[in-house]
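Below: the structure, in structure tokens.
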Amino acid sequence: MTSPLVEMRDMQKSFGGIKAVDHVTIDLYPGEVVGVLGHNGAGKSVLLKMLSGALQRDGGEIYINGQKATINNPRDARNYQIETIYQYLALADNLDAASNLFLGRELVSPLGFVDDAQMEAETRKILARLNPNFRRFHTPVAGLSGGQRQSVAIARAVYFNAKILIMDEPTAALGVQETRMVAELIDQLKSEGIGIFLIDHDIHQVKLLCDRANVMKNGQLVGTVKVDDVTEDDLLGMIIAGKCPASAIPGPGALQTA
Amino acid sequence: MTDTPTDASAPPKPRNLFSALELDPRLLGMIGAFVVICLIFNFLTDGRFMTPRNIFNLTIQTASVAIMATGMVFVIVTRNIDLSVGSLLATCSAIMAMTQTWLMPDWLGLGLNHPATMPVAVLVGILAGFTIGAFQGWLIGYLTIPAFIVTLGGYLVWRNVSWHLTKGQTIGPLDENFQLFGGINGTLGETWSWVFAAVAIAVSFFALFRSRRAQVAHEFPVKPIWAELVIGAIIAAAILGLVAILNAYEIPTARLQRLYEARGQVLPAGTIEGYGIPISVLVLIVIAIIMTVVAQRTRLGRYIFAAGGNPEAAELAGINTRLLTVKVFAIMGVLCAISAIVASSRQTFHSNDIGTLDELRVIAAAVIGGTALAGGLGTIYGAILGALIMQSLQSGMAMVGVDAPYQNMVVGSVLVLAVFIDIVYRRRTGDKT
């Protein structure tokens, strides 16, 4: 097999004595959607925040394309073409779509001033592709619907040519129609060879969208499964009881059965 | 996903005159309030309020607070507050006063009114403001002490640092060149004021043209041409009107005579000269333009507003919000120093109580001007208008003969009322912030 796109080895993170992520190892290949599941507080968001640079890890190593990577802040992660779509849509509500899309990476004129017209033009182009109904380019994103806001967040990841995409419950704030739009988009990105980590607790969604799934419980990895080899009940069992089905590769957090 | 082109290039139908102009309704509201205040006071004072003389005085009284208010916009937009600006102004003023009355003439032996004194004093003052502001910003950003506490401490510390430095004495008179920043002692004169007006109008038209051309180049919807022309005409009329008024305030003959004598000339009989734009107001205008450009056209400005709207999102976007806080407070410090130049030169000396209560006036100006304490929202021109509205209320009431305590009661009530109106307005328009 080729080397994985991302490999997170032995990742650790504690908050004041509580081990939020406890020696977790997971990987991701190009063109693959890998789910990370678990209850609230299982450590799934924390684990991937270490990949996106939002949190600094206490221990462990990250390899990108087999090379050891240094990721200490969001800028580092972006340099590795890692983009994140956060659960609460990390958008500045008071800015318009273009300002949000380019936040931290503004296009500037030769004199160093931000080029709003150019950014708006690029935003119109990318959003026309993602969400043709998007029209409100001059209002602050606070005034947009959940789906429109999600379009902006996704456009940001797509525009900057993400190779690795982290989606933290991307459909949590969305309606049925909009959820379908995101699902279509995930399929499309996958076909372009992008690797996607999908954090979710909707098992149905994970079965539908993911190739493999990692289940976490109390900061530990319960196990890794190919979603087609297991039932939804198997996944539930892993999430709730930490019980690994036969086809799973068990992790340190798996329930020890004699 | 489909690749349908948007119909963005189709120009929207202008619904009515105002929507075609695309003016900020909040700006119109503030200008409306200001005009109403002026008209009421003009009526109550039998026309004395809207004389060139009073308008001239109004502009120079507003300058100091307005300069600081532009910086307070950035501070409040990033969800901070600065209670120390009045004290910081006093410390900068004390340092500059000592530079020009002790350091330069005595210690360096350059004598009084040496040409180098003014620039050196200004530089020293700005450096002091920058350093103190950046230090407070560091305490807030990196040591994560709340801005309210740091600047409340600063309020006490810097007021008394100034006291300590001057041993409580009043220092003056200040350097003659330095006094040019004071308002009446330094104006552009009629000719240069008209030149300034011409340049300002040319620059405004060029900016309007540039922005329209950029929009057309990207095939964005644009306003109808007549709307652009109307806006251009309004801007030109405002600039010309202001300059005409300031030029119409005539220098008293006795003073004019002294000016001519100082130049070794004889005053020709019947000569009339207007004051023109005060240098302090020119300073305010330049700062307003720079701060507006920073707010709207630079990354720094973009990050200030992003961090105010959603600090977490800003950080996740890779913005160093701690350093940003230091920068914002450093800017505030520099503006305090510039206000100190204007304020101390206006009274021609440094006094211990200079800038007392300015922190409250500055915050009030920014808030009346539409800056939201919740962060992420505010404009530079709003803060300046806010300062102007407060100053016109205050001097209008003084002219009418309202007693000082009642004046403050009115100003305080207006502050609360203005914020309430803003809240109601935002609820109506559906803005969440």
Side-chain angles (χ1 to χ4, degrees), chain A residues 49 52-54 73-79 84 86 88-95 99-109 111-122 124-125 127-135 137-144 153 156 158 181 184-185 188, chain B residues 1-10 12 22 77-79 210-222 293-321 324 372 374-378 426 429-433:
Chain A
K49 273 187 178 162
S52 67
N73 57 49
R75 261 182 207 281
D76 291 344
R78 284 181 166 190
N79 292 338
T84 312
Y86 289 99
Y88 296 109
L89 314 169
L91 300 177
D93 278 341
N94 55 335
L95 302 183
S99 302
N100 266 295
L101 202 151
F102 287 93
L103 189 57
R105 289 179 286 204
E106 287 76 10
L107 302 177
V108 290
S109 66
L111 289 175
F113 293 110
V114 294
D115 192 342
D116 281 316
Q118 185 67 36
M119 290 195 283
E120 187 184 329
E122 296 291 328
R124 280 176 187 270
K125 259 187 255 168
L127 279 172
R129 189 152 76 84
L130 296 176
N131 184 353
N133 296 321
F134 196 100
R135 290 282 147 70
F137 290 95
H138 291 255
T139 33
V141 296
L144 304 181
R156 176 154 65 187
V158 175
M181 185 194 91
E184 273 175 37
L185 186 76
Q188 189 197 337
Chain B
M1 302 275 154
T2 45
D3 203 1
T4 45
T6 53
D7 61 351
S9 50
E22 294 178 23
V77 161
T78 53
R79 303 188 179 186
R210 277 272 309 261
S211 125
R212 187 179 176 89
R213 204 180 50 183
Q215 287 175 329
V216 170
H218 290 293
E219 300 181 338
F220 296 161
V222 286
V293 169
V294 168
Q296 298 183 350
R297 288 275 164 272
T298 66
R299 287 190 161 173
L300 175 65
R302 193 58 49 87
Y303 296 167
I304 286 170
F305 280 85
N310 187 346
E312 220 188 4
E315 221 157 301
L316 291 172
I319 295 167
N320 185 343
T321 50
L324 190 69
L377 219 68
R426 278 179 201 165
T429 56
D431 283 353
K432 280 180 189 167
T433 29

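These values consider heavy atoms only, across backbone and side chains, with no hydrogens, waters or symmetry-generated copies. The sequence lines fix the lettering, A, B, ..., with proteins before strands; numbering per chain opens at 1.
- Nearest heavy-atom pair across B:G376 and A:N94 is O-ND2, 2.6 Å.
- In terms of heavy atoms, A:R75 sits closest to B:G318 at NE-O, 2.9 Å.
- Shown here are the ring pair (Phe, Tyr, Trp, His ring centres under 6.0 Å) partners of A:F102, two or more places apart in sequence or in another chain: A:Y159, A:F160.
- Closest approach of B:N310 and A:L91 over heavy atoms only: ND2-O, 2.8 Å.
- Under the ring pair (Phe, Tyr, Trp, His ring centres under 6.0 Å) criterion, A:H138 pairs with no residue at all, not counting sequence neighbours.
- Using a 4.5 Å heavy-atom threshold, the side chains of A:D116 and B:R297 count as touching.
- Judged by distance alone, with hydrogens and angles left aside, the side-chain atoms of A:D93 form no donor-acceptor pair with the main-chain N or O of B:G309 at under 3.5 Å.
- Between the side chain of A:R78 and the backbone N or O of B:A317, at least one donor-acceptor pair lies under 3.5 Å.
- For chain B, the nearby part of A:L95 is the side chain; its heavy atoms alone come within less than 4.5 Å.
- Closest approach of B:A313 to A:A92, counting heavy atoms only: CB-N, 4.2 Å.
- With B:H218 as the partner, the side chain to side chain contact (heavy atoms under 4.5 Å, CB included) test is satisfied by one option alone out of A:M119, A:E120, A:Q118: A:Q118.
- Heavy-atom distances place both the backbone and the side chain of B:F305 under 4.5 Å from chain A.
- Note: A:P74 leads A:A54, A:S52, A:P74 in heavy-atom pairs under 4.5 Å with chain B.
- Using a 4.5 Å heavy-atom cutoff, the side chains of A:E106 and B:R302 are in contact.
- Per-residue counts of heavy-atom pairs under 4.5 Å with chain B were compared for A:A117, A:G104, A:S109; the largest is that of A:A117.
- The minimum heavy-atom distance linking B:T298 with A:V114 is given by the pair C-CG1, 3.7 Å.
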